[in-house]
Amino acid sequence: MLDVRRLRLLVELSDRGTLSAVAEALSYSPSSVSQQLSQLEREAGVPLLVQVGRRVQLTPQAVVLVGHARAVLDRLEEAESEVARSLTAVGGTVRIAVFQSAAHAVVPQALTLLRAEHPALRVEVTEREPDVGLFEVSARDFDLVIAEQYPGHTRAHREELDRVHLVADSIRLALPPHPAHSSGYTIRRADESGARAGVSDRISADVHGRRGGRDASREHSLAAAATMPWVLEPEGTASRDWAEQLCREAGFEPDVRFETADLMAHIRLIRSGNAVGLLPDLVWAGEAPSVALVDLPGHPEREVFTSTRQAAAARPAVVACRDALARAARATATPSGR
């Protein structure tokens, strides 16, 4: 009889690629992982691993066994879900991977709802970039991931994961704060003493000085910010790729002087008059924005969604978390005053 725990190690090796990565993920030593897989080979009666340089590679027989092992693990998870559904109270532990702005905006309110409605449920939340979170849910490191994707940048689908829409999150041009005027937007001076003009002055001249009302300023605002310093997320991220493409379609390459994945840092740089940027509404967590927000042409939105393993989707604890997250997202999706 093949040991289920050793079968999982084989699946982990297939997913993660190295014995050391498997050991780190499961808090084992590499030698322990190697010993367990050697025992699995004896149980299976066929070679499962072959040495290739300093790494190991799965044999064709191991690949066949991985497919069956995944089905076994999924069936066990489905059995656990069915047992849990027979209980009157929702309990256990749900491990959630979440990206930053969702952690800031949606998760706290969802946790409040869950604590009131399911006090026996323990929820553990860890910040992860969406692609990492999706992989780690697939690898059973987490039970649920909150992820996002930008217009034209659909994240890769994993056959073993479902995908449920959570909220459409509007993205707007963010400028230093200013009072609204009937003729359009006018941004206050960064230096009221009359010293050298800063970002706020130049945006006031280039973006908000046009006549024609609010709609005209929206139409021209992105191109008018072409000469401004920008703050964007790091290169290689979906948000950065999308933002750069948006600017290029408007006819310019953004002058990215500040690069950080921390959207709270984006807000502070913009609010202080040192940069402009693109911010999703969720960063405000339903509260009033502290910067000026200007609608972009086409009103772009990023999609925020949740994913779990198909085998875990009916688990009551996962269902409860998704329900609470959906209610929290509806309550915080639009900033106050928009």
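The residues of the chain are indexed from 1 along the displayed sequence.
- With sequence neighbours excluded, the residues forming a salt bridge (charged side-chain N to carboxylate O under 4.0 Å, His left out) with E259 are R240, listed by chain and number.
- Applying the side-chain hydrogen bond (donor to acceptor under 3.5 Å, both in side chains) rule to S290 yields the partners R271; only residues at least two apart in sequence or on another chain are considered.
- In this structure a side-chain-to-backbone donor-acceptor pair under 3.5 Å is missing from S138 to L134.
- Counting non-hydrogen atoms of neighbouring residues, nucleotides and ligands closer than 6.0 angstrom, the OH atom of Y28 reaches no more than 12 such neighbours.
- Counting only residues at least two apart or in different chains, ring-ring contact (aromatic ring centres under 6.0 Å, His included) contacts with residues 99-148 are absent.
- Remark: D241 engages no residue in a side-chain hydrogen bond (donor to acceptor under 3.5 Å, both in side chains) (not counting sequence neighbours).
- Using a cutoff of 4.0 Å between basic side-chain nitrogens and carboxylate oxygens, R327 and D323 are scored as salt-bridged.
- For the pair R140 and D15, the salt-bridge criterion is not met [side-chain N within less than 4.0 Å of a carboxylate O].
- Annotation: salt bridge (charged side-chain N to carboxylate O under 4.0 Å, His left out) contacts of R322 (sequence neighbours excluded): D162.
- The pair R309-D74 does not count as a salt bridge, with every side-chain nitrogen at least 4.0 angstrom from each carboxylate oxygen.
- By the side-chain hydrogen bond (donor to acceptor under 3.5 Å, both in side chains) test, R95 pairs with D143, sequence neighbours left out.
- Inter-residue side-chain proximity for H157 and R163 is flagged as met; some heavy-atom pair is nearer than 4.5 Å.
- In summary, of the residues considered (T126, V125, T306, V145), a side-chain contact (heavy atoms from CB on, under 4.5 Å) with V98 occurs for V125 alone.
- Applying the salt bridge (charged side-chain N to carboxylate O under 4.0 Å, His left out) test to D255 and every residue at least two apart in sequence or in another chain returns R257.
- Heavy atoms only, all atoms of each residue included: G277 and I270 are closest at N-CD1, 3.7 Å.
- Listed by first then second residue, pairs satisfying side-chain hydrogen bond (donor to acceptor under 3.5 Å, both in side chains) with a partner in residues 44-69 read T59-Q61, not counting sequence neighbours.
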N/O donor to acceptor pairs below 3.5 angstrom from side-chain atoms of residues 78-91, sequence neighbours left out:
{"residue": "S81", "atom": "OG", "partner": "E77", "partner atom": "O", "Å": "3.1"}
{"residue": "S86", "atom": "OG", "partner": "V83", "partner atom": "O", "Å": "2.5"}

What donor-acceptor contacts under 3.5 angstrom involve side-chain atoms of residues 42-49, with partners at least two apart or in another chain?
{"residue": "R42", "atom": "NE", "partner": "Q39", "partner atom": "OE1", "Å": "3.1"}
{"residue": "R42", "atom": "NH2", "partner": "Q39", "partner atom": "OE1", "Å": "2.6"}
{"residue": "E43", "atom": "OE1", "partner": "D3", "partner atom": "N", "Å": "3.2"}
{"residue": "E43", "atom": "OE2", "partner": "R6", "partner atom": "NH1", "Å": "2.5"}

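- Applying the side-chain hydrogen bond (donor to acceptor under 3.5 Å, both in side chains) criterion to E124, with sequence neighbours excluded, gives R122.
- Side chain of H266 to backbone of A261: no donor-acceptor contact under 3.5 angstrom is found.
- The other members of the hydrophobic cluster of V52, by chain and number, are V50 (side-chain heavy atoms under 4.5 Å, ILVMFWY only).
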